[in-house]
Amino acid sequence: MEENLVIVESPAKAKTIEKFLGKDYLVKSSFGHIRDLAKKNLGIDINNSYKPEYIVSPDKKKVVDELKKLAKGAKVVWLASDEDREGEAISWHLYEVLGLKPEKTRRIVFHEITKDAILNAIKNPRFIDINLVNAQQARRVLDRLVGFELSPLLWKKIKPSLSAGRVQSVAVKLIVEREREINAFQVSSSFRVGAHFNIVEPKGKVSELLAELEKRITEVSSAKSLLEKLNGAEFRVADVTKKPGKKSPSPPFTTSTLQQEASRKLGFSVAQTMTIAQRLYEAGKITYMRTDSVNLSQTAILGSSSVIEALYGKDYVHTRNFVTKSKGAQEAHEAIRPTFMENSSIDGNSTEQRLYELIWKRTLASQMADAILEKTNIRVSNSNTPEIFVATGEVLKFDGFLKVYMESSDDENADEESKGLLPPLKVGDILDLRKMEAAEKFSLHPPRYTEASLVKKMEDLGIGRPSTYAPTISTIQQREYVIKEDRDGSTRISRIIVLSNKTIKESQKEENFGFEKSKLFPTDIGTVVNDFLEQYFKEILDYNFTATVEAEFDQIAEGNMIWSTMIDKFYKPFHLKVDDTDKTGERSKGERVLGTDAVSGKPVLVKIGRYGPVVQIGIATDEEKPRFASLQKGQSLETITMEEAMDLFKLPRKVGSFEDNDVVIGIGRFGPYVRHLSKFYSLKRGVDDPMTITLDRAIELIEGKRSDDKNKLIKSFAEDPEIQILNGRYGPYIAVGKSNFKIPKSKDPASLSYEECKAIIKAGPTKPSKKKK
DNA sequence: CAGTGAGCGAGCTTCCGCTTGACTT
């Protein structure tokens, strides 16, 4: 029996620490929290100072039993959970549940998993900080009260199974408000005028200088008249300035910045990033992936600088200590970094390798020298007007950290002027105008959130924690408050005026805009829930609510406030409001009247119906049933027009008949379709319009699908008609009834024999072909 | 899997933060 039992939160951490501590220490993990508030009722005794009722979670029973046994036999139990509010509470729960005695219990903490840090922690034990534990209990109880009182209200007033909470409801609000800003956005346009000059350098090299008119012009007429005035003007370099500049590397990754960069650079969802990072962590490749700290251990800094020196030389080394500045950071861990800086790459699948390399580069770059730039500014005047054209250039004098890593920007519309080296010009040089172009540019609405940019925003507001960013993003999508999807853009006309060869020509260009890729959109139910909460519980949705209660949790942690008093102050008025809303609040359906149907004279309205958002003509009475039509993907209660609503009643429509059967066009769950003989054929996205499609085109789609289906069958067998080799979306596969089997890459699908197929079926795992919901 | 659109009303849903598997695709 070991003398010492050390308990940490994560099993991977336990494994590492055990190596540092040697044979007298047994290191075990609690796998996070071991107990939580009971789920039935509130799990809180409201009338008894909010006394929490804690229950060991069913999936933790085994761990707790084992720890109990080990603790009994140990001389000293070392509680080594993280040094933050939650970690302190975990230690306290362990202390309580394991029935530990104060004299044989030590509380230790460390912020980095290095031998020195651990040994130092063992030398400096303390006892559990009950104030910090109480701050956690207050946090836990508050979240339960908010979540478990608001959610049932939503079930009653909107629809069952909905949820609300301090964190998720604010995340939804951000999306809803952004969408409204976008809807209210007024597009404006202005003309940017660019002058292209031919430059012949002293050695005969020919290049071009692009200079832009300093101001923007709003009217076409003014743009045109400016070009007319400048026709034949003499252009002259009025000023050349050079300014030094520098760029510094970003700090190493935290959970939030890793999620953002993995999304921008690798296209990963936040959940995907966390799953991959977890695997890297468990394999000992990186440090802990749920952190809000940008701090690096001394070991990591030294490791980085020796790698940098070996790869790029001493000039590239510039070690730094970054300071965490995000709101509410608790800094129990290091930044996310490679365990061994000398490994620039690792074994593993391609996503693991790419994420690792991203982390390696970011960490390395954070300890590298600034990049040194020289910015050049050339101002060009002209003989006919006082207008000034400006060219800017940027030359990298020393690349520094840029050799390794450049952070990406969320702003996809950022001007990608490739600022390079400008030709050598001096004041007074006369320039030869090749062409001048005034192009109409449109203003851009605020960008929709991606999963990752929403995480960034939440972190900025201090809402949520590294361990909850990904789950929260999933929850609001699971509740269908928010949907992540692509949306088609549209086209608009941009006007262009060109001056070349002394003549001015006007033309137009069609440009695409508004295409969205993997963006978060509010659903109608999300919007209705948000508006309901905003109406009755404004203070909870306030962006500062978390910050305000966090300040009070800090007071509790400092011992300056009693936690139950803090909760009582919040709960009394909150609960009254819940009761009041329950009694007097109306059912919320997001109803909106669009107008009156010209044919029947009945009112036309939209609302959330039993199966989702609908348009309704007429009001239900005893004699009469209203007509209904579901809203389509991309339409919303808030923005649908009367005309669009009425169009929904035009489908499904018969366009004619084919092979003596009706051909019907409609819109279903998977988009617009042609129906013929109870079979469905999808319309081509972006090509066919269900309102205008002709019979001929519909027949073409039917026949196209029929021939595709014929090609789908690669081979069938006389021995067993159930078994078929088919061509699917992901390549050839074997189908047996409803189960599918993968064909090994080494085999040629077309030449598989019946016996070989049988073998594959026998070996392969049977998967049910589709999950039914 | 693509027609539905009510209220006799069982029993259930739900929060945030710590962790990792056991499950599918």
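Within every chain, numbering begins at 1; the chains are lettered A, B, ... in the order of the sequence lines, protein sequences first and strands thereafter. Source: prediction; values computed, not measured.
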Visitor: Please give the stem ranges for DNA chain B, sorted by first residue number, where a stem is three or more consecutive Watson-Crick or G-U pairs and both donor-acceptor distances are under 3.5 Å.
Guide: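 Stems (3+ consecutive pairs): none listed.
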
Visitor: Go through dG17(B), dT20(B), dG5(B) for me and flag the one nearest to the R465(A) side chain.
Guide: dG17(B)

Visitor: Counting side-chain heavy atoms from CB outward, which of dA2(B), dC18(B), dC15(B) is closest to E86(A)?
Guide: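 From the listed options, dC18(B) comes nearest.
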
Visitor: Measure from CG on N41(A) to P on dC12(B) and round the result to the nearest Å.
Guide: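 From N41(A) CG to dC12(B) P: 12 Å.
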
Visitor: If I take atom CD1 in residue I567(A) and atom P in nucleotide dC15(B), what distance separates them, rounded to the nearest angstrom?
Guide: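 Atom CD1 in I567(A) sits about 18 Å away from atom P in dC15(B).
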
Visitor: Go through it in stages, so that I can follow the logic: the residues are R465(A) and D292(A), the test is side-chain contact (heavy atoms from CB on, under 4.5 Å), and I'd like the CA-CA distance, side-chain angles, deciding distance and then a yes or no.
Guide: CA-CA 8 Å; R465(A) 303 280 310 131; D292(A) 50 24; 3.0 Å; yes

Visitor: Donor-acceptor pair under 3.5 Å: do we get one between R290(A)'s side chain and the base of dC18(B)?
Guide: no

Visitor: Report the residues that fulfil side-chain hydrogen bond (donor to acceptor under 3.5 Å, both in side chains) with E485(A), sequence neighbours left out, ordered by chain and then residue number.
Guide: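 R487(A).
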
Visitor: Distances under 3.5 Å between protein N/O atoms and the N/O atoms of nucleotides 7-11 of chain B, please, pair by pair.
Guide:
none

Visitor: Between dT19(B), dT14(B), dT20(B), which one does the side chain of S151(A) approach most closely?
Guide: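 Minimum distance to the S151(A) side chain belongs to dT14(B).
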
Visitor: Suppose we screen for side-chain contact (heavy atoms from CB on, under 4.5 Å). Which residues come up paired with P52(A), at least two apart in sequence or across chains?
Guide: L37(A), Y54(A), Q137(A), V141(A), W563(A)

Visitor: Measure the distance between the ring centre of F31(A) and the centre of the six-membered base ring of dT20(B), then answer whether it is under 5.5 Å with planes under 30°.
Guide: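 One would not call F31(A) stacked on the dT20(B) base.
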
Visitor: When you match K60(A) and K39(A) each to their closest nucleotide on DNA chain B, which lands nearer the 5' end?
Guide: K39(A)

Visitor: Could you state the CG-C1' distance from L154(A) to dC12(B), rounded to the nearest angstrom?
Guide: 16 Å

Visitor: side-chain contact (heavy atoms from CB on, under 4.5 Å) for R479(A) and V529(A)? Distances and angles first, verdict last.
Guide: CA-CA 11 Å; R479(A) 299 272 176 275; V529(A) 167; over 6 Å; no

Visitor: Taking atom P of dT19(B) as reference, at what distance in whole Å does atom OH of Y288(A) sit?
Guide: 3 Å

Visitor: Ignoring the backbone of R144(A), work out which of dT20(B), dC15(B), dG17(B) is nearest its side chain.
Guide: dC15(B)

Visitor: Does R35(A) put a side-chain nitrogen or oxygen below 4.0 Å from OP1 or OP2 of dC18(B)?
Guide: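 Answer is no, no contact under 4.0 Å.
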
Visitor: Counting side-chain heavy atoms from C-beta on, which of dC16(B), dT19(B), dG3(B) comes nearest to Y673(A)?
Guide: dG3(B)

Visitor: Checking side-chain contact (heavy atoms from CB on, under 4.5 Å) for the pair K13(A)/H333(A): CA distance, chi angles, key distance, verdict?
Guide: CA-CA 12 Å; K13(A) 199 167 166 181; H333(A) 305 95; 4.3 Å; yes

Visitor: From the options dG5(B), dC15(B), dG17(B), select the nucleotide whose nearest atom is closest to the side chain of F628(A).
Guide: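 Nucleotide nearest to F628(A)'s side chain: dG5(B).
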
Visitor: Going by side-chain hydrogen bond (donor to acceptor under 3.5 Å, both in side chains), name the residues that satisfy it together with K650(A), two or more places apart in sequence or in a different chain.
Guide: D647(A)

Visitor: Let's see if you can work this out: which of dT4(B), dT19(B), dC15(B) has an atom nearest to the side-chain heavy atoms of Y611(A)?
Guide: dT4(B)

Visitor: If the condition is side-chain contact (heavy atoms from CB on, under 4.5 Å), which residues does K679(A) pass it with, not counting sequence neighbours?
Guide: Y681(A)

Visitor: Taking OP1 and OP2 of dG3(B), is either one under 4.0 Å from a side-chain nitrogen or oxygen of R627(A)?
Guide: no

Visitor: Please check: side-chain N/O of H676(A) versus main-chain N/O of I702(A), any donor-acceptor pairing under 3.5 Å?
Guide: no

Visitor: I need the CD1-P distance between I525(A) and dT13(B), as an integer number of Å.
Guide: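 My rounded result for the distance is 19 Å.
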
Visitor: With a cut-off of under 6.0 Å to the ring centre and 45° to the axis, is R85(A) in cation-pi contact with W92(A)?
Guide: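 Output no; distance or angle outside limits.
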
Visitor: Check every strand shown and say whether A164(A) touches a base, only sugar-phosphate, or nothing at a heavy-atom separation below 4.0 Å.
Guide: sugar-phosphate

Visitor: Quick one, V614(A) and S630(A) - any side-chain contact, counting heavy atoms below 4.5 Å?
Guide: yes

Visitor: Any side-chain N or O of T468(A) less than 4.0 Å from the OP1 or OP2 oxygen of dG17(B)?
Guide: yes

Visitor: At less than 4.0 Å, is any side-chain N or O atom of Y469(A) found next to OP1 or OP2 of dG17(B)? Yes or no.
Guide: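 For dG17(B), neither OP1 nor OP2 has a side-chain N or O of Y469(A) closer than 4.0 Å.
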
Visitor: Given dG5(B), is OP1 or OP2 found less than 4.0 Å from the side-chain N or O atoms of K625(A)?
Guide: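 So the side-chain polar atoms of K625(A) do come within 4.0 Å of the phosphate oxygens OP1 or OP2 of dG5(B), strictly under.
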
Visitor: Please check the phosphate of dG17(B) (OP1 and OP2 only) for any side-chain N or O of R166(A) closer than 4.0 Å.
Guide: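 Yes.
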
Visitor: Taking CZ from F545(A) and C1' from dC15(B), how many angstroms apart are they, rounded to a whole number?
Guide: 12 Å

Visitor: Does the structure place the NZ or CZ of K62(A) under 6.0 Å from the centre of the six-membered ring of F31(A), at an angle of no more than 45° from the ring's axis?
Guide: no

Visitor: Does S467(A) place a side-chain N or O at less than 4.0 Å from the phosphate oxygens OP1/OP2 of dC16(B)?
Guide: no

Visitor: Calculate the interatomic distance between Q168(A) atom CD and dC15(B) atom P; express it in whole Å.
Guide: 5 Å

Visitor: Taking CZ from F148(A) and C1' from dT13(B), how many angstroms apart are they, rounded to a whole number?
Guide: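 The distance from CZ of F148(A) to C1' of dT13(B) comes to 9 Å, rounded to the nearest Å.
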
Visitor: Heavy atoms from C-beta onward define the side chain here; which of dC15(B), dT14(B), dT19(B) lies closest to that of P11(A)?
Guide: dT19(B)

Visitor: Side chain of P160(A) only, please: which of dT14(B), dC18(B), dT13(B) is the nearest?
Guide: dT13(B)

